[in-house]
J.: 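My structure is below; once you've seen it, I'll send some questions.
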Amino acid sequence: MTYFPNTPADQQEMLRVIGVRSVEELFATVPEAIRLRRPLKLPSAMSELELTQYMSQQSARNRPAGQTACFLGAGSYDHFIPAAVDFLASRSEFYTAYTPYQPEASQGSLQAFFEYQTLITQLTGMEVSNASLYDGASAVAEAVLMAMAATGRQGRVVTAANVHPECRQTLATYLANLPTEILSLPTPAGTIRAEDLTGVLNEQTACVVFQHPNFFGCLEEADKLVKVAHTAGALAVVVFDPISLGLLQRPGDYGADIAVAEGQCLGIPMSFGGPYLGLLACRESLVRRMPGRLVGQTTDRQGRRCWVLTLQTREQHIRREKATSNICTNQGLMALRASIYLALMGPAGLREAANLCLQKTRYALDLITRTGRWQTPFARPVFKEFVIRRPGVDVDRLVSTAAQQGLFVGVPLGRWYPDLADSLLVAVTEKRTQAEIDHWADVLASP
Amino acid sequence: MTYFPNTPADQQEMLRVIGVRSVEELFATVPEAIRLRRPLKLPSAMSELELTQYMSQQSARNRPAGQTACFLGAGSYDHFIPAAVDFLASRSEFYTAYTPYQPEASQGSLQAFFEYQTLITQLTGMEVSNASLYDGASAVAEAVLMAMAATGRQGRVVTAANVHPECRQTLATYLANLPTEILSLPTPAGTIRAEDLTGVLNEQTACVVFQHPNFFGCLEEADKLVKVAHTAGALAVVVFDPISLGLLQRPGDYGADIAVAEGQCLGIPMSFGGPYLGLLACRESLVRRMPGRLVGQTTDRQGRRCWVLTLQTREQHIRREKATSNICTNQGLMALRASIYLALMGPAGLREAANLCLQKTRYALDLITRTGRWQTPFARPVFKEFVIRRPGVDVDRLVSTAAQQGLFVGVPLGRWYPDLADSLLVAVTEKRTQAEIDHWADVLASP
Amino acid sequence: MRNQQAVQLLFEQSRPGCRGVQLPACDVPERPLEELLPKNLLADRAPPLPELSEPDVVRHYVNLSQWNMSVDTHFYPLGSCTMKYNPKRNDRLASLPGFSDLHPYQPVETLQGILALLFQAQEMLAEIAGLPAVSLQPSAGAHGELTALLVAAAYFRDIGQKRTTVLIPDVAHGTNPASAAMAGFRIVPIPSTSQGLVDLEALGKHLDEQTAVFMITNPNTLGLFEPNIARICQMVHQVGGLIYLDGANMNAMMGVTRPGDFGADMMHFNPHKTFSTPHGAGGPGAGPIAVSERLAPYLPSPIVVRTETGYRLDDDRPKSIGRVRSFLGNVGVLLRMVCYLLTHGPDGLRQVTEQAVLNANYLLARLRGILPVPYGDRCMHEFVASAARLKAERNISAMEIAKRLLDHGFYAPTVYFPLIVKEALMIEPTETESKATLDAFVEAIERILQEPAELLHEAPHTTPISRPDEVQAARQPILRWQTR
Amino acid sequence: MRNQQAVQLLFEQSRPGCRGVQLPACDVPERPLEELLPKNLLADRAPPLPELSEPDVVRHYVNLSQWNMSVDTHFYPLGSCTMKYNPKRNDRLASLPGFSDLHPYQPVETLQGILALLFQAQEMLAEIAGLPAVSLQPSAGAHGELTALLVAAAYFRDIGQKRTTVLIPDVAHGTNPASAAMAGFRIVPIPSTSQGLVDLEALGKHLDEQTAVFMITNPNTLGLFEPNIARICQMVHQVGGLIYLDGANMNAMMGVTRPGDFGADMMHFNPHKTFSTPHGAGGPGAGPIAVSERLAPYLPSPIVVRTETGYRLDDDRPKSIGRVRSFLGNVGVLLRMVCYLLTHGPDGLRQVTEQAVLNANYLLARLRGILPVPYGDRCMHEFVASAARLKAERNISAMEIAKRLLDHGFYAPTVYFPLIVKEALMIEPTETESKATLDAFVEAIERILQEPAELLHEAPHTTPISRPDEVQAARQPILRWQTR
Ligand SMILES: Cc1ncc(COP(=O)(O)O)c(C=O)c1O
Ligand SMILES: Cc1ncc(COP(=O)(O)O)c(C=O)c1O
């Protein structure tokens, strides 16, 4: 085994020092009765060459987005990732370090996470960001738990049908054993009506969770929804798209209490769904309710500025069952990627990326609806995603045929919305060229 | 431009400090008459996304060996490269440093090159290795110049038809303006006959250059050839295959004076022919005639062991026209790759790799000759390469058709050897599986 | 030769007008923003991110990285974390575009390679666990704990039992009680015996029809294998409870024994510990769980299944708890795990365990004379030493030894955990360290213990910073950079 | 926190039986070695390479790397070397398997993408040079010099002239005379004027029908543009000689003027300087050359040509000098160069030059007060300062300033070159450094010059080693590790 540095001679010497005759003896405390008496049934060992051949073969049996113009979104997006992100994030010293428990030997990561926290507050207009959560969906659940703790309200959580179905499912799973009712507003017009929202809020409502731009790609009247929530004494939890903030008002600007997001679009490959990055930022007053790690600034004995993990009394390893969350290993490297991405993009890059998404999305939407074969069920402004419908079409077959022609045309919505079984959710990022969009429209509009 | 860190404001301030009004003024010494009065005619600038798309498209228009079973050799080989080689060689601190002129801030590279020199002496059995030359062919030319200087003989250099044609061409180019005659022995039987060699050596002969295993894959009687050279007072320059030394006697073992090689097979990708690595090792007594950099051990002011560039009085930046060579920038990173590769392989790995090449090569050769359609013109033991011939066949067409079937079947020899116009040079590395070899034989033997 | 300028905060290096990314010009007809977006939702300007060139950013992060220790640079004997070598081949292969460039909602026929590998992952984990059903979804160990406890709750709900308590040994990792609390359970701590093992009597006293789950770490956080593990499982099962095995310490038992075989009903794996996936200075990890047959229906959806026509994702699983995150899981991490498992095979995996246990025992044998190990004469893959005597006699704390080790070129052991050991130093060498490294580590500790106490009080001395003021950090938290 | 153990020599870490690579079992019927190979050629055992595990090797090299300064970590103002930022995108794209995994003898129809790029490289270089014909073959600048001189020799031979001398200014880089000597020419040095420029009178004196080539570096190694360059070229041409332009300093003129336009007949490029390809601690670089129409037939073969049916390699060029290495050239480097050129475009490339010259002049303006610059009030992309006065007054040498800069977190300028400047410090900032970095560099020099001389004599103080004994190294060379 090429990963074991000890030779048989080393092992003999080590056994001698320990005072046993065989490695077997070291397992004496494992009762005979529960020993495994056979080798594990696993594929036999592969050399690196064989493994490389095997994995390359399996990889060739997939069709990656690089070979296929990808119009899929719904929480995972084919945005461009500068080469410097991959390069820097693969630095050994970041990549193979543990959580920075020894600050003196971990200033690299600690400073990077402090910068991450700052970048996220700059991005969102919020006052505090933690150092990452698992992904967007679990971040929504954590935000809701946090809101419940902060408000002392356990009775109800209000969300809407146009929040990502997988976020709502995750939330439901997290709350399954709590007495909390999750109320999901229908959104037949694509967006939440403020009146509908007012109607379902009561004094047991901990928070309102809405997504903006929402799952259908439409913009919500975010500022209004926040006000409605606040009027009922509930917190406003907004699920945002980081790229959209190149153009749109930030959650902090319109008064959100907690802002969460899937951070995949910030320089993280799609990777079939993970690892991604849960963003969570909030008002300063909520900081001690926050889940996850926080890095804080301090000084060393010579008075030099430096960074440490802080407010750890919120965390499980100190507070155990009273912790704000159970999270331990988070998504450090993904937070690093997001930081590098944001540092490279800067305000101008982010704005341009957002604008390209917006322009191309509108171009695509206009193009496809102009064909007359597809219409959009929701007449609302969109950002980088939209829903189109073609009554009677077999969406799944369409999607498969198009894939063979080198196009991922959109995500069928039927699996989550039976009444949208003839609809596709389409995303257009800055990577899509006009030629690809035109081709996409041709394929979709063909009879 | 994302590579320029200075903003317009910075630039204004800098101009002020310099005391000029515009950047234009800084070019005052460039005479008006020779100014370029138009923009360069180059493609217009591409963003990273566009460049990525463009390069990916061009890359997709090639058919790399990973998609095609590669039986091509002739100086460039499809050997396996462990992932750790790429990973370590891409470390910023190695990758973006200059030649280690400041030893205190370059111990990483210096030690790595000292280790490289040692590894090459261990590999070859020679006493000294330099820190790299451009490639195998230019290393042959440098070795010959070195031999001429060392022997004081300028009249003749003897080589053979079975030395890589591109090495011989390179040598001829290097010597074009010197009075030296290059004599190339014919090798109709595939190997050099010691008697033939004896016949052409005279007291003006600086050296004999032979390749072992030779260009046709056959083993030479290396020890005999060295003796013949020495008897005539000429130096023996051997061109070896580094992988073969997992099994074969080393140049130092059979008395070579200078050993040179193409080091590509030591963890360097084929990359359409470069960058590669010229190995050059020699007897200790020749060290002051050596071309290229040398790293030596010494101590710092605290007596700690450390490394520096040494014997620089051989080099052009000190000795100018009297230098042993003009080489300055060499192939440092490739030497690093070779070191990492050798450190990972170790004696056992190298021996196994060599054995796999040998076994598979023989398997392939036996298989194809057993079909009766192909024969081998040279009945000599081979290592990882061999020549096969099929009288009357259109080799170039065969090669093209096979490429469409996913096979690079061999290198046609006609371009260098008109009498082998119906022959292929075939290489079989440890990467080729039995299935691939069987497929190869099927394709070649089909009518 | 440290570059102090490049490690200024990004924000301090920002210069208005600088940029690190150029995007293509818009190739579709561009329309005014106001036509496309409602004015009240539009921001006046882009977020105030820093403005930097690409060279600035690269030099910043390359320099920052050098302020870290890591497995690639140093011995990292961090107990409970299994900081083994992270094979480079796994990173290369998991990053092939054919994996990294897949969208989670692609048509299933364009995903057959990756689904085959994930199916294989499920199968291999089931075999190692000795438990038949696997979910790859959880994102880390703690997430796996939570998921499994939600599975347990769903199971009890489904069979009509109201069980509200989760029992947890006092030596357990903090995530155990925190996960149980998040899943809605009440926590009952179980004390350890003087041998550092589960106190069977105390356990028995707390077991009743309220007991939902007993969470056990085995080998426990002292590095001791619970010799009564089978008995413990029986006791819990007898009252109708379930056994959850915290699999953080699987490095100590692969191929030797299987949780399912000794009675566990549920467990998680930490691929970022046991299966060598890099920890990334704090994740991403993964937390796949394995459960017994009767719990299988409750696992999160989707699960990869093999059918006659190929692989697909099954989410038509009516009893499932639903999902605990979006998409399938931390696939990039899971692929590295698959590479690791395929590289080792059955014998190799057992050797991992044997070598890890050998290395730990060797260190224990060499260190115990100078740093007493209060629980156990031998250990499994890790052990916990104590500096209590040194503290009493020379006023040298575990923390100070840890800090001083940094100066000697070693990362520090885990300190002050588990809580039942005073001045704890929890040491886990893993199987990928050489005897030479272990010897050098022992010598460093020997040397440290001969150094004057004052040197240790002030340690570390050679790190980029000296000891930070953690109290100040927590009292007046500064959690982001702000312009003054 | 340095890991001293991991940077022991590989050989000292070797343990018999250890291995870092496992190869697949042989899948063809295996035969005894003696059947396959003659006994007298077989070695008894494999070469005595070190025996290490993969984790050993990784930790060794990662630690070693940290003992280096580099462009990614530090400002690297090394004159004549153009140490600009090496864009990461270029590495990523040049390493695509569709490029890196190509064999040089593949059928031409499987190579159309790479041949298209290499053809484009030839065209772009020709345009930048103002010279129509390009060979991509040479492996570095010096190799390009040699190749071009061999081309010149072939040309003169072909037209029946016997020209034997090459004239070279005294400020030229050492490769110029060395290359000329290797090509079989006699070297005649040409002195510089007191302004640091080519002495026209001296040049005129040495020009005759023996003159084959005048090799000129422009801007010269003092960073000065030869104002008489057109006149110089005329003079040389008048006697039938050729002009070789050493293109190491192309960073100072891209888009501003072109060698072919001011009279050069031949030149090389250093992509590892001008076009940002990484220097790799000593290569690989590349040394493509461009020549005038009349010299084109003599260029090495092959050359990439475009035909109606696609791109191919042309080596049917009867007047060609042949080849100067195997295969086509350092293709991996050339691809990075192509990426660089495509990223910048015509305006970007001119901006490179403008910004490089601006940065250099800014540094010159700020430094000249404390470190005099003997030649020129302004400079192009670099300049040469002198510590001669400091040496005389305070016994502080250029070398000591250089060494002390390392402590302050800056790599050192090129010292003691060119030879005509006493105590020379040759400083080249490049366009990818920020004003902030240049300011910090100036402040560091200011601080250094205020430090006690003794501190400088002993510098550097913070590097992994202090000053090595170079004399000892050369007197008793130890060029490899050996067992004692
Ligand atoms: C014993 C034990 N249990 C659980 C965990 C939690 O795992 P994770 O960090 O992957 O969430 C850890 C990790 O530190 C652990 O050591
Ligand atoms: C002025 C000058 N000419 C020629 C060269 C030689 O180039 P290379 O090192 O690429 O062979 C150099 C490189 O240092 C140089 O600075």
J.: Looking only at side-chain N and O atoms, does B:Ser400 offer a donor or acceptor that is under 3.5 Å from a partner on D:Glu109?
T.: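 Looking only at side-chain atoms, B:Ser400 and D:Glu109 do form a donor-acceptor pair, the distance falling under 3.5 Å.
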
J.: Given that the side chain runs from C-beta out, which part of B:Val399 has a heavy atom under 4.5 Å from chain D: side chain, backbone, both or neither?
T.: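 B:Val399 touches chain D through backbone and side-chain heavy atoms alike.
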
J.: Which of the residues B:Ala45, B:Ala97, B:Ser129 is involved in the greatest number of heavy-atom pairs with chain D at under 4.5 angstrom?
T.: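 Of the candidates given, the most pairs with chain D belong to B:Ala97.
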
J.: Under the criterion ring-ring contact (aromatic ring centres under 6.0 Å, His included), which of B:Tyr134, B:Phe272, B:Tyr276 is the partner of D:Phe327?
T.: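 When ring-ring contact (aromatic ring centres under 6.0 Å, His included) is applied between D:Phe327 and each of B:Tyr134, B:Phe272, B:Tyr276, only B:Tyr276 qualifies.
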
J.: Starting from the C-alpha separation in whole Å, work towards a yes-or-no answer on side chain to side chain contact (heavy atoms under 4.5 Å, CB included) for B:Leu40 and D:Arg350.
T.: CA-CA 9 Å; B:Leu40 287 167; D:Arg350 195 187 155 108; over 6 Å; no

J.: Under 3.5 Å, is there a donor-acceptor pair linking the side chains of B:Thr433 and D:Asp27?
T.: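 No donor-acceptor contact under 3.5 Å links the two side chains.
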
J.: List for me each residue that meets side chain to side chain donor-acceptor pair (under 3.5 Å) alongside D:Thr463, sequence neighbours excluded, and say none if there are none.
T.: none

J.: Closest approach of B:Ala348 and D:Arg19, non-hydrogen atoms and distance?
T.: CB-NH1, 3.9 Å

J.: Contact between B:Arg320 and D:Ile187 at the side-chain level, heavy atoms closer than 4.5 Å - yes or no?
T.: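 They are not in side-chain contact.
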
J.: Got B:Val23 and D:Gln355 here, is their nearest side-chain heavy-atom distance under 4.5 Å?
T.: no

J.: Can you check whether D:Asn359 reaches B:Asn6 side chain to side chain, under 4.5 Å on heavy atoms?
T.: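 Side-chain contact under 4.5 Å: yes.
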
J.: Report the C-alpha separation of B:Glu93 and D:Thr73 in whole Å, then their side-chain angles, then the decisive distance to 0.1 Å, and conclude whether the side-chain hydrogen bond (donor to acceptor under 3.5 Å, both in side chains) test is met.
T.: CA-CA 7 Å; B:Glu93 300 90 331; D:Thr73 52; over 6 Å; no

J.: Considering only heavy atoms and a distance below 4.5 Å, find which of B:Glu115, B:Gln102, B:Lys360, B:Arg293 pairs most often with chain D.
T.: B:Glu115

J.: Going by side chain to side chain donor-acceptor pair (under 3.5 Å), name the residues that satisfy it together with B:Glu104, two or more places apart in sequence or in a different chain.
T.: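 Scan of B:Glu104 (side chain to side chain donor-acceptor pair (under 3.5 Å), adjacent residues dropped) gives D:Lys403.
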
J.: Please round to the nearest 0.5 Å and tell me the distance separating atom OH of B:Tyr98 and atom NE2 of D:His279.
T.: 4.0 Å

J.: Could you check if a side-chain atom of B:Gln122 sits within less than 4.5 angstrom of a side-chain atom of D:Pro50, using non-hydrogen atoms only?
T.: yes

J.: For the residue pair D:Pro107 and B:Phe408, establish whether any side-chain heavy-atom pair is separated by less than 4.5 Å.
T.: yes

J.: Is chain D contacted by the side chain of B:Leu88, its backbone, both, or neither, given a heavy-atom distance below 4.5 Å?
T.: side chain

J.: Please classify the contact between B:Leu350 and chain D as side chain, backbone, both or neither, with a heavy-atom cut-off of under 4.5 Å.
T.: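 The answer is the side chain of B:Leu350.
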
J.: Would you call B:Thr52 and D:Arg89 a side-chain contact if the rule is heavy atoms closer than 4.5 Å?
T.: no

J.: When you check the side-chain N and O atoms of D:Arg323 and B:Gln169, is any donor under 3.5 Å from an acceptor?
T.: yes

J.: Is B:Val30 close to D:Met380 at the side-chain level, that is, under 4.5 Å between some pair of heavy atoms?
T.: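 Yes; the side chains approach each other to less than 4.5 Å.
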
J.: Judged by modelled atom types alone, do D:Ser466 and B:Arg301 share a side-chain donor-acceptor pair under 3.5 Å?
T.: no

J.: Closest heavy-atom contact between D:Ala230 and B:Ile34?
T.: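 Here D:Ala230 and B:Ile34 meet closest at CB-CG2, 4.2 Å.
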
J.: Please examine the side chains of B:Ser90 and D:Asp91, heavy atoms only from C-beta on, and report whether any two atoms are closer than 4.5 Å.
T.: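 When only atoms from C-beta onward are counted, B:Ser90 and D:Asp91 do not touch, as no gap falls below 4.5 Å.
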
J.: D:Tyr61 vs B:Phe94 aromatic rings, parallel, tilted or perpendicular, using cut-offs 30° and 60°?
T.: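 Plane angle over 60°, so perpendicular.
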
J.: Which heavy atom of D:Asp101 sits nearest to which heavy atom of B:Gly66, and what is that distance?
T.: OD2-N, 3.1 Å

